[in-house]
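See below for the structure under consideration.
For clarity, every value in this text was computed on a predicted model and none was experimentally measured. In what follows, chains carry the letters A, B, and so on, assigned in the order in which the sequence lines appear, proteins first and then strands, with residues in each chain numbered from 1. Worth knowing before you read on, the calculation uses all heavy atoms, side chains too, and leaves out hydrogens, waters and symmetry mates.
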Number of protein chains: 2
Amino acid sequence: MKKSAVFDLAILGLLQESPLHGYELRKRLSALMGAFRAISYGSLYPALRALAEAGYISETGDKTAPGPALSSKRARITYSLTKLGANYLKELLQDSGPDAWEDEGFGVRFAFFAHTEEVVRQRILEGRRSRLAERSSQLKKSLANARDRIDQYTLELHRHGLEGVENELRWIEGLIAAENKTQRTGS
Amino acid sequence: MKKSAVFDLAILGLLQESPLHGYELRKRLSALMGAFRAISYGSLYPALRALAEAGYISETGDKTAPGPALSSKRARITYSLTKLGANYLKELLQDSGPDAWEDEGFGVRFAFFAHTEEVVRQRILEGRRSRLAERSSQLKKSLANARDRIDQYTLELHRHGLEGVENELRWIEGLIAAENKTQRTGS
DNA sequence: GACTTGTTATATCATTCCGATACATCATTC
DNA sequence: GAATGATGTATCGGAATGATATAACAAGTC
């Protein structure tokens, strides 16, 4: 029943900036996720339909074209955010729970930080920081334990994994510092 | 029909070292994937069953216990690699195609590098290197284009993504250099 | 002894999600 | 004019997840 809220957020957030059709939406979505894999149409179109049914977005396009002239232009459905959808988006942007700082969700949330309240931003960054710190200490422990028992290659793989986590941790800490500075200065 | 071969490889590779039961296997599998998410039992058990049916692994355990004494010990099925499975594993370890250097597969392949031939190792590393180089240049281009058009936060997200890719690229290049050195020195 | 809590262990199922594919229009290049 | 490739909407089978059920056992606690 409760589908991926992050997904909805990404769609609504992109539509907030400007109305888009599915193809373009997918491209932006993929860009948003960055290095991650692109989402498929098999996920996108059903999600759009669900959002439309819920009244959060509206479809306008040549699909429901006035009868005769449907062959003149290419079928192309433009989705735009409704007022109801804008409210829902605002609500989603308030959330600072685990979904917001776990791996799948964080990138999307961060991308919309410009539309997120200062307090919420800080909570999310702090949540992510503590998540990464926990993972880092786990990896360190596991590395220390395994040091002698395991394969050189596996060891190197884990070492590199730890390095990546610590890199992101430093990044987050820099962001938190920047947020605090901005706050004190008053934007 | 052709399920995830990487998955099979990971299971067979772990069972090669020692026979294991499902629960322990899952833990090792998760550790192997490192920071990535753990695979679920809903994937593991069907996969084990399929491998058993194919004759690559054998199940031995108290499940098929001698009738009366089945309540004495906890049900626990131990899986071990068969000769057929060992051959199949060897075959899988020969592969140096795209599956071996894409994101999902590379980590697993690398973890079993100790059981992989020198030539294959080099091909896989080179494949990964070129994959990462391509991604890096794409990201750079996209960053240069977007510089002025997009959000500060989104920009920072992409910048950090690029940083991560370049980090891994340097790591891979270091590994390639190390392999070459080892090869020239003769192990 | 009875109780909770936590770990080990196997198993299934609905929902979700992806990859492939099909179809069609338009722009470009040769 | 015809091939190629980008744009665009849409669906389907199969695969994977997340949640959940069940159960034996261990360790502590009251």
Hey, does B/Arg49 reach any base, or is it just sugar-phosphate, or nothing, if we go heavy atoms under 4.0 Å? sugar-phosphate
Any base atoms under 4.0 Å from B/Gly22, or only sugar-phosphate, or nothing? Heavy atoms, all strands. sugar-phosphate
Quick one: do the B/Glu163 and A/Asn167 side chains pair a donor with an acceptor below 3.5 Å? no
Earlier contact from the 5' end, DNA chain C, for B/Tyr79 and A/Ser40: B/Tyr79
Judged by nearest nucleotide, the residue sitting upstream toward the 5' end of DNA chain C, A/Tyr41 or B/Lys27, is B/Lys27
Strictly below 4.0 Å: does A/Ser43 bring a side-chain N or O up to OP1 or OP2 of C/dC18? yes
N/O (side chain, B/Tyr45) to phosphate O (OP1/OP2, C/dA11) under 4.0 Å: no
Rounded distance (Å) that lies between atom [atom2] of [N] and atom [atom1] of [X]:
X: B/Arg76; N: D/dA24; atom1: CZ; atom2: C1'; value: 12 Å
X: A/Leu48; N: D/dG8; atom1: CG; atom2: C1'; value: 13 Å
X: A/Leu29; N: D/dT9; atom1: CG; atom2: C1'; value: 16 Å
X: A/Ile39; N: D/dA10; atom1: CD1; atom2: P; value: 15 Å
X: B/Arg28; N: C/dT8; atom1: CZ; atom2: C1'; value: 15 Å
X: B/Asp99; N: C/dG19; atom1: CG; atom2: C1'; value: 13 Å
X: B/Tyr23; N: D/dC25; atom1: OH; atom2: P; value: 16 Å
X: A/Arg26; N: C/dC17; atom1: CZ; atom2: C1'; value: 13 Å

Does the distance from a Lys or Arg side-chain N to an Asp or Glu carboxylate O, for B/Arg123 and B/Asp95, drop under 4.0 Å? no
So, A/Glu134 and A/Arg131, do they make that salt bridge, N to O below 4.0 Å? yes
Any-strand Watson-Crick or G-U partner of D/dA15, both distances under 3.5 Å: C/dT16
Kindly compute the distance separating CG (B/Leu12) from OH (B/Tyr79), expressed to the nearest 0.5 Å. 13.0 Å
Parallel, tilted or perpendicular, judged at 30° and 60°: which one describes the rings of A/Trp171 and A/Phe106? perpendicular
